[in-house]
Amino acid sequence: MAKQLMKGNEAIGEAAIRAGCRYFFGYPITPQNEVPEYMARRLPEVGGVFLQAESEVSAINMVYGAAGAGARVMTSSSSPGISLKQEGISYIAGSELPCVIINIIRGGPGLGGIQPAQSDYFQATKGGGHGDYRLFVFAPASVQEMVDLIMEAFDIADYYRNPVMVLGDGTLGQMMEPVEFKEPKKRDLPPKDWATTGAKGRKRNIINSLSLVAEQLEEHNWKLQKKYQHMKEHEQRWELYKCDDAELVLAAFGTTARIVKSVVNQLREQGIKAGLLRPITIFPFPDKAFAQLPDTVKAFLTVEMNTGQMVEDVRLAVNGKQPVHFFGRTGGIVPTPAEIIAKAKEIMGGVR
Amino acid sequence: MKVVFQRPTALTERQTHYCPGCTHGIIHRLVAEAIDELGVLDKAVGVASVGCSVLAYEYFNCDMQQAAHGRAPAVATGIKRVHPNNIVFTYQGDGDLASIGMAEIVHAAARGEKITVIFVNNAIYGMTGGQMAPTTLVGQKTTTSPYGRQAEHCGYPVRISELLATLQGAAYVTRVSVHDVPNIRKAKRAILKAFEVQQKGLGFSIVEVISTCPTNWGMTPLEALKWAKENMLEYYPLGEFRTPEEVK
């Protein structure tokens, strides 16, 4: 199929529809408004339902109801809106319902700004709401990758009966890039025989996260943890770029990784053997990638659009074997290649 | 031998956890009888809320979802939009619906969401131990209004039926009570009518049921029924506030 030029936020909507998503519940917030707008236009054409909720809180609870009723369903928002959705996300994770949640991150805290940021990394990867749960989290770096991962996200959500979050930022949401829509690799998906569709001819189904007996709730928690462990063992995804002989490995995800890729090339032109480690899943965090790095690595530099969040997972993965440095810009400022290069040179000067 | 009385098939055999004298048992039964009489048990999906009726999914013998505090109308919206032919209902108390869930109930009604809401109003938070509700009467003592609800400090109780009746999407809005037998029979008819409104696709339907809480009101069950009749009905008058022509 020919590639078409699409804006990131609209490509998100189309990818979801191609993946069989027929229900979308959302609430306006910048910089993701093109997602609900696209869904409002497209979903009726394919027999689906777009509904603008009265709040993010309501939207995520509509997602809970629709997911519990067995539908492929999505919602999207941006940071302050995602905070409002956390209550529902916790219930969805606790009740083991599949859905896809898009967060086009903007600068925070509070109302923050509307420029690109990555400051919701902790919120996305460590649970986000109350209780001990995890989301499956993708961090695409291009519009094409966003499309590919969203198309797969619905299968992953159904496979694990777990919410999948896809992180973007204003840059990815607003930029136009050529995309094509390709069928993801098929997974064996279990039937949704747990859904509340009306109990005709079967035992009734209950969607619930309440468990008043502590022993049972603990058991449920261990069951969830087993699922997360399975994700850690089988679903880690990453990209290594020019790491074969690297002495300095830069770690970055999403938009920042694109900038860092050009930084790697420029550093190599200037005689510094740099490489890029780009997590594609940030939960599960790709710690297996670190085992593949050569012995030449002397130091790490994590670059993020926040004040240092993923760097904690990088430090855990490196486990003290090499120094892990950090460079970040925040509040909606996108780091420039020049300032990352300066930081890299400072580190490598020290190492030599 | 002729069976003259039995448990509705829409109720499970599970013994309820409700306090002695609580009217939740009556209201559960009325909802279940209505589901049985309309023959919709195998396409009914109920939504339990947070409060005393949080375990309603154990008692209604149909598919159920348990919702976060106040969010039942949003959850029901999600279910109904996916399966428009299912009969979807929520069962909510006054803390859940009239306080934390005010946005969800108002907008579900405004959208004319084709769901049925059973709203149990006993003017107090029961499950958490008797705190002031948005429906607590002025002067009524609760654990968080120990001197009696003072209007100048925390305002006036909310009349949900009157409020929702201003919305065009709210097709059927009625307030009933279960303080005595004639009213229980009227409540049953209202619940039947509310489900019929949904079946006919006429819009949003809500039955507000004036109820009691002997435990947290600090009364015997009989005193509580009397108190409800003498104090609540004056502020919360019974009757239909909106009724579509099709079910009149």
Side-chain angles (χ1 to χ4, degrees), chain A residues 22-25 27 43 47-73 75 84-92 94-95 97 99 129-130 192-212, chain B residues 9-10 12 17 35 39-51 53-88 90 100-111 113 115 127:
Chain A
R22 290 294 176 272
Y23 300 89
F24 182 96
F25 303 96
Y27 186 82
L43 273 172
V49 175
F50 162 86
L51 195 62
Q52 183 167 320
E54 59 271 25
S55 68
E56 285 91 348
V57 176
S58 289
I60 194 69
N61 281 285
M62 290 172 186
V63 168
Y64 175 98
R72 282 205 156 176
V73 56
T75 187
L84 282 166
K85 287 184 198 287
Q86 291 301 337
E87 173 198 54
I89 295 173
S90 172
Y91 278 67
I92 287 169
S95 305
L97 296 176
C99 69
H130 63 281
K192 293 186 175 181
D193 52 10
W194 42 263
T196 59
T197 55
K200 190 164 192 163
R202 59 157 169 79
K203 220 173 123 252
R204 71 200 189 94
N205 287 330
I206 300 172
I207 303 296
N208 179 33
S209 64
L210 179 68
S211 186
L212 291 170
Chain B
T9 59
T12 65
H17 68 286
I35 290 172
V40 294
L41 182 60
D42 60 7
K43 57 179 191 170
V45 182
V47 182
S49 59
V50 171
S53 59
V54 67
L55 294 170
Y57 59 84
E58 300 273 16
Y59 310 137
F60 289 114
N61 199 12
C62 55
D63 277 3
M64 294 290 293
Q65 292 199 22
Q66 201 287 319
H69 203 18
R71 318 296 177 220
V75 171
T77 296
I79 300 167
K80 186 71 179 184
R81 294 291 178 137
V82 173
H83 300 298
N85 294 323
N86 279 130
I87 295 297
V88 181
T90 72
I100 194 166
M102 192 59 123
E104 284 76 9
I105 193 65
V106 167
H107 286 276
R111 285 193 304 270
E113 211 61 63
I115 60 171
M127 177 62 91

Could you tell me which portion of [X] (side chain, backbone, both or neither) has an atom closer than 4.5 angstrom to a non-hydrogen atom of chain B?
X: A:Ala195; answer: backbone
X: A:Arg202; answer: side chain
X: A:Tyr23; answer: side chain
X: A:Ile60; answer: neither

Any donor-acceptor pair under 3.5 Å from [X] side chain to [Y] backbone:
X: B:Arg81; Y: A:Gly65; answer: no
X: B:Asp42; Y: A:Gly201; answer: no
X: A:Tyr91; Y: B:Gln66; answer: no

Within this structure, what is the [atom1]-[atom2] distance for the pair [X] and [Y], rounded to the nearest 0.5 Å?
X: A:Thr196; Y: B:Ile79; atom1: OG1; atom2: CD1; answer: 4.5 Å
X: B:Gln65; Y: A:Leu97; atom1: CD; atom2: CG; answer: 7.0 Å
X: A:Glu54; Y: B:Met102; atom1: CD; atom2: CE; answer: 13.0 Å

Do you know which of [options] has the most heavy-atom pairs under 4.5 Å to chain A?
options: B:Arg111, B:Lys80, B:Arg71; result: B:Arg71
options: B:Val54, B:Asn61, B:Leu41; result: B:Asn61
options: B:His69, B:His83, B:Lys43; result: B:His83
options: B:Asn86, B:Val106, B:Val40; result: B:Asn86

**OP:** Check the surroundings of atom CZ in A:Phe50: do more than 12 heavy atoms from other residues, nucleotides or ligands lie under 6.0 Å from it?
**Re:**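 Atom CZ in A:Phe50 is packed in, count exceeds 12.
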**OP:** Quick one: closest heavy-atom pair of A:Gly198 and B:Asp63, and the distance?
**Re:**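 In this case the closest contact between A:Gly198 and B:Asp63 is N-OD2, 2.9 Å.
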Subject >> Residue pair A:Ser58 / B:Glu104: nearest heavy atoms and the distance that separates them >> reply: OG-OE2, 3.2 Å
Subject >> Step-by-step side-chain contact (heavy atoms from CB on, under 4.5 Å) determination, A:Arg204 to B:Phe60 >> reply: CA-CA 10 Å; A:Arg204 71 200 189 94; B:Phe60 289 114; 5.5 Å; no
